[in-house]
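Naming convention: chains lettered A, B, ... in sequence-line order (proteins, then strands); numbering from 1 in each chain.
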Amino acid sequence: MKLTLDIWRQKSANAEGKMVSYEVDDISPDMSFLEMLDVLNERLLEKGEDSVAFDHDCREGICGMCSLMINGMPHGPERATTTCQLHMRKFHDGQRITIEPWRASSFPVVKDLAVDRSAFDRIVQKGGFISANTGNAPDANAIPIPKKDADIAMDAAACIGCGACVAVCKNSSAMLFVAAKASHFGHLPQGQPERYERVIKMVEQADAEGFGSCSNTYDCEAACPKEISVRHIARLNRDYLRASLFGE
Amino acid sequence: MNLDSKIPSGPLAEKWTKHKFDMKLVNPANKRKYTIIVVGTGLAGASAAATLAELGYKVLAFTYHDSPRRAHSIAAQGGINAAKNYQNDGDSVYRLFYDTVKGGDFRSREANVHRLAEVSANIIDQCVAQGVPFAREYGGYLSNRSFGGAQVSRTFYARGQTGQQLLLGTYAQLSKMTSNGGVTLFNRKEMLDLVLVNGHARGIVTRDLITGKVESFAGDAVLLCTGGYSNVFYLSTNAKACNVTAAYRAYKHGAGFANPCYTQIHPTCIPVSGDHQSKLTLMSESLRNDGRIWAPKKAGDQRSPDQIPENERDYYLERKYPSFGNLSPRDIASRSAKEACDSGHGVGPGGRGVYLDFADAIKRLGQKVIEERYGNLFEMYERITGENPYRVPMRIYPAPHYTMGGLWVDYNLMSNVPGLHVLGEANFSDHGANRLGASALMQGLADGYFVIPYTLGHYLATSGQGKVSADAPEFKQAEQEASERINKLMNIRGKRTPTSFHRELGLLMWHKCGMARNEKGLQEALDKIPAIREEFWKNLFIPGSGSEFNQSLELAGRVADFLEFAEVLCTDALHRNESCGGHFREEYQTADGEAKRNDADFTYAAVWEYAGEGKRPVLNKEPLQFDNVSLSVRSYK
Amino acid sequence: MVTFLARLFRSSVMIKIIMAVSGLGIIGFLLAHLTGNLLMFGGPEKINAYGQSLRDLGPVLWLLRGGILLFFIAHIWSAIMLGKRNRAARPIGYAMKKPIKATVFSRTMMLSGLTVFAFVAFHLAHYTFGKIQPEFFNREYTLHDGRVTHNVYEMVVYGFENPAYTLLYVLCMTLLGFHLSHALTSAMQTFGLNNPKYSKFLRRLGPSFAVIIVAAYLSIPVSVITGILKHKADIEHTALSNEGGIIKEMKQ
């Protein structure tokens, strides 16, 4: 396959960036999207040019490190697929592909296509946990948890923290990310003591980080590589409202 | 080299309890005066950092990722073992201990393994308390499955994402301790070197991956939780950034590297599709619970699998190991696949693959059940290969996956360098020559939650070392050396990319020191590695500068260490004239191709000591004693 | 209390809730207004009597109007607050961006909302303050009980006989429909109502509601254009016969 890539190049956080076009040929349909970029990078380096920086690590769709806005969609056009699991057979010979970093003031560009997502860490640090110090735990089967609740908690916990929800949202809202974490713990009996405080604190931090608000367009759900449902956002709203009206 | 394992005296089952009592404690008020440096924030690192901070220590936690949640522990799929015996099927601490020692081909330390089995139950309790959403039955109780050759159901799991959920559990605890100030988290900072003061590990040198700034951090102890070195093979199931640098730097400072030749090859990975391949993808071996592995009986059979009739298929695992069949341990399953392919029975591109067939299971249980059990894995397979495994059998091939070898540690998880503790996959302690499925997560969390919090206190209370600051000359010198090394790499200005060297080394290692090894091949590898290394230092090209976000530079530094470490690995593999666990030497096999251990000569941990630039590492031995289990031939027939 | 208020006016979720509550208030007004409008089909007596009964409310009417105004202010205030935040959240846009699931309605709420708001202002000027077609504003109608009131009926029919105005009205009502089709479902989500048991229903609720409301609103201009609603001048307009010229003019 032969492709034309329009890639955002930006030397550092404060540098000006611009789109640059590259031609790559001899791309195998069996390559993953990142392997295709590897090929580009190897060729750039062989020519003595700087390679295109992009975040990636596990390359099996679970670490949440890879990102990329591919042809206007986070992680590309495939449903429920991270960029690292997207394969070139989903593109056609001669196609032009636009590749951009996640765009959000809370995700500043580090270089080229790599962005800083530590805002997510700071949100979790505010309340994305159950305060259970090591050694405190009762027997694991002491509290039966209905399978249904455990399953919903797991659905929410599947979030990989990639930021696609923010990237696709017209408001750069982190609501799906925050809601997934809140819902994961909120569905478990262990998470109840801190349930409302957690929601308040995480939303406050998301606001402080500069993420936008939720307009319920549900693009986040569609872009999420783990298909996390927006019903968790509804639950977050509900918990937030309850915490605000009736909380301490 | 002092290799006192410090195994407590007394009966096996009482050693840990006794030891916990015998160890010195740090007064609660004094804990905050100690600074602990934790490198790596995977399962072992994050759990250790969080727990130590809960105890009151001041913890500095380092990760080269943008967030601790990215650590490769996240990719473990299958589950975590624990001797809970919730299924009432005869499990016990002793059985888990025994299975692990046997699975490790009798090359691990009894006392460590027993402790691991003891604390395994606490891990599950702890994780549930933290909100890890383990799978449950309709009654609300935890669900278990049998996994990786175990004959009891002791594996706890969270869909196919157990590692992710456990990591997110530790990450949550780490985040909790970060927000209350117990942990200071440093992301995108890579450890480049270890700093010793007075012979004790007192700090590290790091490079900030965004600004390129080289700086150092001082503390009272250093914990390396930096994972394994499977990426020495270039193609492995490890994440791209996984590397040996931290462990190798410690080795260069005198820490012993134990059993590097014990590398695990995972049997159920998606085969290589071409030269562009950047990594291999593992599929949970739980697939083997329902899938049947076969290869065509006729060598070079090019027919599509549905055209090959039943009687022309060789279900070779079922044939060779009737009692374990498709659930034979990883090393055996992997080697059998290699044999099938080596003898021309392989399928798919290049003939490097065998079938993992679900047709029978789908017929027996229905597609819906299979979908429930393995849906996400099937989807992943289809995404990568473009083939639908509900209709066409999966193709699988073994891939490097886990390394049992690692830095030598005593019972307290401290290396022979005082103050340097090593946790998780980075140490060598619990899995011997082969790790059982669902035991890596268990070990990482055992080390971090339940072992180091006790043993580290003992070290701090007894080490008698004063305070040092990062301004001490030892730190300044280490910083300078690290910067010089970066400059050296930057200034080669040759023609070849870091990846090209990594690939070259990996290919060599895979062929000569991979699933099966022989003396000739290992010698060849040992001859060739220095040549690649020489070429690397002459002809490497890195763009840009060292004072910016530079992924080529990061990789080059890691490859440089792999290029040295590979020699230690091959040296170990060459010296171990036996086959055991993940180390298979073709010269040492039985008539029917099974691994032949040599207990008389090799019942020891081989601990390699750095002897200086260009010199062969020096072998030290820690004899292994088996007082509780008798060494037997590991038979799964 | 102070922290509660501070949270109320700072938090993005709370502002959303304010937007949803005020939006529902406006929907309530829309329904009430529509009920009034549909009285057109009952003839001049019905709708004019209704208009008079509203005026008879006196201070209560002003209270209601104040409430509606408050809803509008809260709705617009929250839109401004969130809009500012959302724009700041993405200072550099994408060169290429494709919506995946988001409907065009959900992505253009600001536009449809602003248009509808502008129309509301126009509509007030038109029918409440009589600034747009003053010539039809002061027509009188004698109710069956003998009281003389505004002839709302004629005002509406005259209004829709103007093609430009009708076009504007249809356009704005359609945009209102766009707005509503996202708004109602979105408000439910904001209140935390989303459960697989009824999420399908909720997702259809907004669009269905929008279609019904818009159809009902548009039934009036359509009826005027098609002649279902026509002038009753011959009966009631004796008082205004001197203005017949204008009527003729408009009819042409």
If you draw a 6.0 Å radius around OH in A:Tyr22, do more than 12 non-hydrogen atoms from other residues or ligands fall strictly inside?
yes
Atom of A:Arg89, atom of B:Glu382 and distance for their closest heavy-atom approach
NH1-O, 4.2 Å
What closest approach, in Å, do A:Ile143 and B:Arg136 show between heavy atoms, and which atom pair accounts for it?
O-NH1, 3.7 Å
Side-chain contact, heavy-atom cut-off 4.5 Å: A:Pro138 with B:Asp125?
no
So which of B:Glu137, B:Arg496, B:Gln77 has the biggest tally of heavy-atom pairs under 4.5 Å with chain A?
B:Glu137
Would you find more than 12 non-hydrogen atoms of other residues, nucleotides or ligands less than 6.0 Å from A:Glu16 atom CD?
no
Which one of B:Gly544, B:Pro133, B:Ser273 has the most heavy-atom pairs closer than 4.5 Å to chain A?
B:Pro133
Give me the atom names and distance for the closest heavy-atom approach of A:Ser118 to B:Asn187.
CB-ND2, 3.7 Å
Verify the distance criterion only: is there a donor paired with an acceptor across the side chains of B:Thr497 and A:Glu42 at less than 3.5 Å?
yes
Which one of A:Asp121, A:Asn136, A:Asp30, A:Leu44 has the most heavy-atom pairs closer than 4.5 Å to chain B?
A:Asp121
Applying a criterion of heavy atom separation less than 4.5 Å, what residues of residues 181-198 of chain A form contacts with chain B?
A:His184, A:Phe185, A:Leu188, A:Gln190
All heavy atoms of A:Phe120 vs all of B:Tyr171, minimum pair found to be O-OH, 4.3 Å
Going by ring pair (Phe, Tyr, Trp, His ring centres under 6.0 Å), name the residues that satisfy it together with A:His56, two or more places apart in sequence or in a different chain.
A:Phe54
Full working for salt bridge (charged side-chain N to carboxylate O under 4.0 Å, His left out) between B:Asp66 and A:Arg117
CA-CA 7 Å; B:Asp66 66 338; A:Arg117 284 168 286 196; 3.5 Å; yes
To the nearest 0.5 angstrom, please state how far the CG atom of A:Asn41 sits from the OG1 atom of B:Thr499.
8.5 Å
We want to know whether A:Asp57 and B:His65 form a side-chain donor-acceptor pair, criterion being a heavy-atom distance below 3.5 angstrom.
yes
Heavy-atom proximity to chain A below 4.5 Å, by part of B:Ser552
side chain
Bottom line for B:Tyr86: the part with an atom under 4.5 Å from chain A's heavy atoms is side chain
For the pair B:Glu548 and A:Lys11, find out whether any cationic side-chain nitrogen is under 4.0 Å from an anionic carboxylate oxygen.
yes
What part of B:His72 gets closer than 4.5 Å to chain A, counting heavy atoms only: side chain, backbone, both or neither?
side chain
Between B:Lys279 and A:Glu60, does at least one N-O distance fall below 4.0 Å, as a salt bridge requires?
yes
Any side-chain donor-acceptor pair under 3.5 Å between B:Thr281 and A:Arg59?
no
Criterion salt bridge (charged side-chain N to carboxylate O under 4.0 Å, His left out) on A:Asp139 and B:Lys84, from CA distance to verdict:
CA-CA 10 Å; A:Asp139 185 85; B:Lys84 278 285 198 187; 3.0 Å; yes
Heaviest contributor of heavy-atom pairs below 4.5 Å to chain A, chosen from B:Arg188, B:Glu54, B:Gln161, is B:Glu54
Non-hydrogen atoms of chain B under 4.5 Å away: do they reach the side chain of A:Glu78, the backbone, both or neither?
neither
OG (B:Ser179) and NZ (A:Lys201) are apart, to the nearest 0.5 Å, by 7.5 Å
Charged N-O contact under 4.0 Å between B:Lys240 and A:Asp55:
no
Which of A:Asn141, A:Asp50, A:Val110, A:Leu45 touches chain B most, by non-hydrogen pairs under 4.5 Å:
A:Asn141
With chain B, which of A:Ala137, A:Gly64, A:Ala13, A:Ala140 has the greatest number of heavy-atom pairs at distances under 4.5 Å?
A:Ala140
Taking every non-hydrogen pair under 4.5 Å, which of B:Arg159, B:Gln173, B:Gln130, B:Lys495 racks up the most with chain A?
B:Arg159
Among residues 124-132 of chain A, which ones touch chain B with a heavy-atom distance under 4.5 Å?
A:Val124, A:Gln125, A:Gly128, A:Phe129, A:Ile130, A:Ser131, A:Ala132
Just verifying a value: how many Å separate A:Met65 CE and B:Arg69 CZ, rounded to the nearest 0.5 Å?
12.0 Å
Take atom CG of B:Asp275 as the centre, draw a 6.0 Å sphere, and report whether it contains more than 12 heavy atoms from other residues, nucleotides or ligands.
no
Give the member of A:Pro29, A:Cys84, A:Gly48 that has the highest number of heavy-atom pairs under 4.5 Å with chain B.
A:Gly48
Is it the side chain or the backbone of B:Thr385 that comes within 4.5 Å of chain A heavy atoms, both, or neither?
backbone
Are A:Lys147 and B:Tyr138 in a cation-pi setup, meaning NZ or CZ lies under 6.0 angstrom from the ring centre and within 45 degrees of the ring axis?
yes
Considering residues, nucleotides and ligands other than A:Lys90, do more than 12 of their heavy atoms fall under 6.0 Å from its NZ?
no
With respect to chain B, which residue among A:Val115, A:Ile27, A:Thr81, A:Asp112 yields the maximal number of heavy-atom pairs within a distance under 4.5 Å?
A:Thr81
Sorted by number, residues from residues 148-162 of chain A in contact with chain B (heavy atoms, under 4.5 Å):
A:Ala150, A:Asp151, A:Ala153, A:Met154, A:Asp155, A:Ala157, A:Ala158, A:Cys159, A:Ile160, A:Gly161, A:Cys162
Examine whether an atom of B:Ile542 lies under 4.5 Å from a heavy atom of chain A, and if so say whether it belongs to the side chain, the backbone or both; otherwise answer neither.
neither
Which heavy-atom pair separates A:Ile62 from B:Ala75 by the least distance, and what is that distance?
CG2-CA, 3.8 Å
Name the option with the most non-hydrogen atom pairs under 4.5 Å to chain A; the candidates are B:Ile210, B:Ile384, B:Ile124, B:Ile74.
B:Ile384
Give, as side chain, backbone, both or neither, the part of A:Ser28 having an atom under 4.5 angstrom from any heavy atom of chain B.
side chain
From OG (B:Ser278) to CE (A:Met31), nearest 0.5 Å
10.0 Å
Answer with side chain, backbone, both or neither: which region of B:Phe541 has an atom nearer than 4.5 Å to a non-hydrogen atom of chain A?
side chain
Heavy-atom distances under 4.5 Å only: say whether B:Leu168 touches chain A with side chain, backbone, both or neither.
side chain
